[in-house]
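Data first, discussion second: the structure below is written as structure tokens.
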Amino acid sequence: SSMGFAVVPSISKTAYDQGANALGVMTPRFAIAAILITAIRLLFGKKEGWPSLKLAIAMFFIGAIGVTAVSLLYFIAIDQIDSSLAIVLWYAYPVLVLLIAWVFEKKRPSATIVIPLILTLTGIAISAGQVKGGNTTAIVLVVSSSMIFAVYITVLSKVTQKMGLLTGASILNAGTATGYIVVGLFSTSAFAPVFPTTEKVWMLIAGAAIVGTTLPFLCSLAALKRI
């Protein structure tokens, strides 16, 4: 999942260099992924069945609000800050997930969890010197994205247990695509989506939808069912 998601920032930066913006890249990315995952679900996931309306709506809004907010804030930020610094800052989210689980679910962290988290925080601290030269707005956007993701992944881990893998992924991405379309429709002129104008970039976005969205989402949801 991480390997798949890792290709998207580079593709996005290439699209930005060609005049597109975050909304113009993310909207087609998730629209293509939603169509692809839904087609996979209809072809190969017929035995899964559909969840209750309540669960389906919950998963849809996790995508429409959670994934949309997390990804949009991050990909707006990397237009103003180096993506390698952004992802290091963004990886503060495991600490937030730990705190949420500790406070609300009474899951006290074990040593096998605390040690990797200390290493994570050490890596973030090493990068602190670079933050001074970064764009303050971009840094705030990245940290906000990380905080929202911590809540999103906590909620998603509960909901995804109650439905099939392909079903959950299709509803989640349909929600995300819808979220981006709604943001684009109601955004101001300064924030309106600017789509790519070259065939090369459109091909890269299609690749991001497959390799950097469809496969990673399926892998991450499959992992959440096992962790």
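Applying the side-chain hydrogen bond (donor to acceptor under 3.5 Å, both in side chains) rule to Ser146 yields no partners; only residues at least two apart in sequence or on another chain are considered. Checked against ring pair (Phe, Tyr, Trp, His ring centres under 6.0 Å), Phe5 has the following partners two or more places apart in sequence or in another chain: Phe217. Tyr180 meets the side-chain hydrogen bond (donor to acceptor under 3.5 Å, both in side chains) test with Ser71; sequence neighbours excluded. For Ser145, the side-chain hydrogen bond (donor to acceptor under 3.5 Å, both in side chains) test picks out Trp90, with sequence neighbours left out.
Listed for the Arg41 side chain is no donor-acceptor partner under 3.5 Å among the backbone atoms of Leu165. Distance alone, capped at 3.5 Å, is enough to place a donor-acceptor pair between the Ser187 side chain and the Gly184 backbone. In this structure, the side chain of Thr38 engages the main chain of Ala34 through a donor-acceptor pair within 3.5 Å.
Side-chain atoms of Ile37 and Leu166, non-hydrogen and from C-beta on, never get closer than 4.5 Å to each other. The closest side-chain heavy-atom distance from Tyr16 to Ile78 is below 4.5 Å. The shortest distance between side-chain heavy atoms of Val8 and Met26 falls below 4.5 Å. Counting heavy atoms from C-beta on, the side chains of Ile57 and Ile171 never come closer than 4.5 Å. For the pair Phe60/Thr178, a side-chain contact is recorded, criterion being any heavy-atom separation below 4.5 Å from C-beta on. Contact check for Val142 versus Leu73: no side-chain heavy atoms found under the 4.5 Å cut-off. With contacts defined as side-chain heavy-atom distances shorter than 4.5 Å, the pair Ile40/Thr214 qualifies. In this structure the side chain of Phe195 never reaches within 4.5 angstrom of the side chain of Leu23, judged on heavy atoms.
No more than 12 heavy atoms of other residues, nucleotides or ligands shown are found within 6.0 angstrom of CD on Glu199.
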Phe30/Val67 under side-chain contact (heavy atoms from CB on, under 4.5 Å): CA gap, chis, key distance, verdict
CA-CA 10 Å; Phe30 282 102; Val67 181; 4.0 Å; yes
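A single hydrophobic cluster is not seen to contain both Leu215 and Ile35; linkage of ILVMFWY side chains at heavy-atom distances under 4.5 Å, directly or through other members, places them apart.
Residue pairs meeting the ring-ring contact (aromatic ring centres under 6.0 Å, His included) criterion with at least one member in residues 34-55, sequence neighbours excluded, do not occur. Residue pairs meeting the side chain to side chain donor-acceptor pair (under 3.5 Å) criterion with at least one member in residues 216-227: none, sequence neighbours excluded.
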